[in-house]
Amino acid sequence: MSGVLHKHNGTHHPEPSAEAGWSLVEMLVALMLLAVICGMLLNALVGLREAFRTVDGDEAAAQVEAVQMHLRRTLTEAWPAARSESGAPLFDAAGNALGFVSNYSPAGQYAGLQYVRLEVAPADRGDGREFVETRNVFRSNVKIETRPNSRSILLSRITGIRFSYFGVQDEETQPRWDTVWRHGSKLPELIGVDVSFPVGDKRRWPRLIVALPTGR
């Protein structure tokens, strides 16, 4: 037996060992320490989750900013180009799609005038939709190929896009915004681009308004 026997009133009792168990005070102290450690871990997990949310938000904002910068550069280099055989301008403007000739070429692509088309297309995978840009080399006396020279997905997982146009549609009206540009001989003064995302998406699209080079 671990304890030492001693005699008291004619009976023998074992002397309690120092390792016989925890006292109530020791158990309370251990529980308090455990609670403090759990609280520290919980705070660390909450902080880590918020950090991940911040990083995701920064990435979403950077993605939208990059696309808007690309669109601004492409649209500010728009040209009122026309077909030599018909004289018809190549500015195909509607509410959810836009086709035009631009002198801006992203790095690594053919330098010179290109026919650019911006539109919404079904996603290659899944049921979502994508904001797509296609480009073809533009020559006024050559028919634009149906198959694009390049195709880029500017944004994936969107719900819609809307183009609007500001300017004088005819001589009898004042400049105004419209979802269709009917003027066949010149570019609008301004183009507005709005993109919508699914509910819960972290991306936000501030309305993009670009002034076009109407003096060309």
Side-chain angles (χ1 to χ4, degrees), residues 56-82 89-109 113-124 126-136 138 144 148-170 173-216:
D56 289 344
D58 291 343
E59 290 180 352
Q63 181 190 30
V64 169
E65 183 178 357
V67 172
Q68 289 201 347
M69 183 180 301
H70 171 77
L71 291 176
R72 188 179 298 278
R73 295 191 64 180
T74 303
L75 288 167
T76 53
E77 290 293 331
W79 284 69
L90 284 173
F91 192 79
D92 182 16
N96 57 0
L98 173 61
F100 59 100
V101 176
S102 176
N103 197 38
Y104 170 68
S105 301
Q109 294 193 17
L113 292 178
Q114 296 185 1
Y115 180 73
V116 181
R117 185 163 181 83
L118 304 170
E119 59 188 341
V120 175
D124 294 335
D127 299 328
R129 292 190 286 179
E130 300 170 333
F131 185 9
V132 176
E133 176 191 86
T134 56
R135 288 174 175 262
N136 288 87
F138 174 74
I144 295 177
N149 297 132
S150 68
R151 182 180 186 273
S152 303
I153 299 174
L154 301 181
L155 290 170
S156 58
R157 295 179 290 106
I158 70 170
T159 55
I161 184 171
R162 185 173 67 89
F163 295 98
S164 53
Y165 311 94
F166 179 83
V168 179
Q169 296 275 11
D170 53 65
T173 59
Q174 297 296 320
R176 68 178 188 275
W177 283 101
D178 203 336
T179 56
V180 177
W181 183 253
R182 301 178 182 87
H183 203 300
S185 60
K186 66 177 182 179
L187 300 177
E189 297 176 27
L190 303 172
I191 291 183
V193 185
D194 295 285
V195 177
S196 56
F197 300 103
V199 176
D201 198 299
K202 297 183 185 302
R203 295 169 295 176
R204 297 293 181 270
W205 181 275
R207 192 183 191 202
L208 177 65
I209 299 179
V210 182
L212 270 61
T214 55
R216 287 177 179 168

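Values below: every heavy atom of this structure, side chains too, minus hydrogens, waters and symmetry copies.
- Ring orientation note: the planes of Tyr165 and Phe91 are nearly perpendicular, at an angle over 60° on the 30°/60° scale.
- Counting all heavy atoms, side chain and backbone alike, Gly99 lies closest to Tyr115 at CA-OH, 3.6 Å.
- Put simply, the side chain of Val101 reaches to within 4.5 Å of the side chain of Leu113, judged on heavy atoms.
- With rounding to the nearest 0.5 Å, the separation of CG in Asp201 from OG in Ser196 is 10.0 Å.
- Aromatic ring pairs are classed by plane angle as parallel below 30°, tilted from 30° to 60° and perpendicular above 60°; the pair Trp177 and Phe166 is tilted.
- The CZ atom of Arg162 sits 6.0 Å away from the CZ atom of Arg207 when rounded to the nearest 0.5 Å.
- The minimum heavy-atom distance linking Val132 with Ala121 is given by the pair CG2-CB, 3.9 Å.
- A 4.5 Å side-chain heavy-atom check between Val116 and Glu77 finds every atom pair outside the cut-off.
- Within 6.0 Å of atom CZ in Arg73, 12 or fewer heavy atoms from other residues, nucleotides or ligands are found, so the atom counts as exposed in its surroundings.
- Considering CD of Gln68 and CD1 of Ile209, their distance stands at 10.5 Å, rounded to 0.5 Å.
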Worked check of side chain to side chain contact (heavy atoms under 4.5 Å, CB included) between Trp205 and Val67 | CA-CA 10 Å; Trp205 181 275; Val67 172; 4.0 Å; yes
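- Residues passing the side chain to side chain donor-acceptor pair (under 3.5 Å) test with Asp178, sequence neighbours excluded: Arg182.
- With a 4.5 Å cut-off on side-chain heavy atoms, Asn149 and Arg135 do not count as touching.
- Note: Phe131 and Phe163 have perpendicular aromatic rings, judged against thresholds of 30 and 60 degrees for the angle between ring planes.
- For the atom pair OG1 of Thr76 and CG of Asn103, the computed distance is 10.0 Å after rounding to the nearest 0.5 Å.
- No side-chain heavy atom of Val195 sits under 4.5 Å from any side-chain heavy atom of Val64.
- Phe100 has its side chain within reach of Leu75: a pair of non-hydrogen atoms, C-beta onward, lies under 4.5 Å apart.
- For the pair Ile161/Leu118, no side-chain contact is recorded, criterion being any heavy-atom separation below 4.5 Å from C-beta on.
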Show the numbers, then the answer: is there a side chain to side chain contact (heavy atoms under 4.5 Å, CB included) between Val193 and Val210?
-> CA-CA 8 Å; Val193 185; Val210 182; 5.7 Å; no
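- When every heavy atom of Glu119 is checked against every heavy atom of Ala97, the shortest pair comes out as CB-CB, 4.0 Å.
- In this structure, Arg203 and Leu155 have side chains that are in contact, with non-hydrogen atoms separated by less than 4.5 Å.
- The shortest distance between side-chain heavy atoms of His70 and Ser152 does not fall below 4.5 Å.
- In terms of heavy-atom proximity, Gln114 sits nearest to Ser105 at NE2-OG, 3.3 Å.
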Might you work through the side chain to side chain contact (heavy atoms under 4.5 Å, CB included) test for Lys202 and Phe197, ending with a clear yes or no?
-> CA-CA 9 Å; Lys202 297 183 185 302; Phe197 300 103; over 6 Å; no
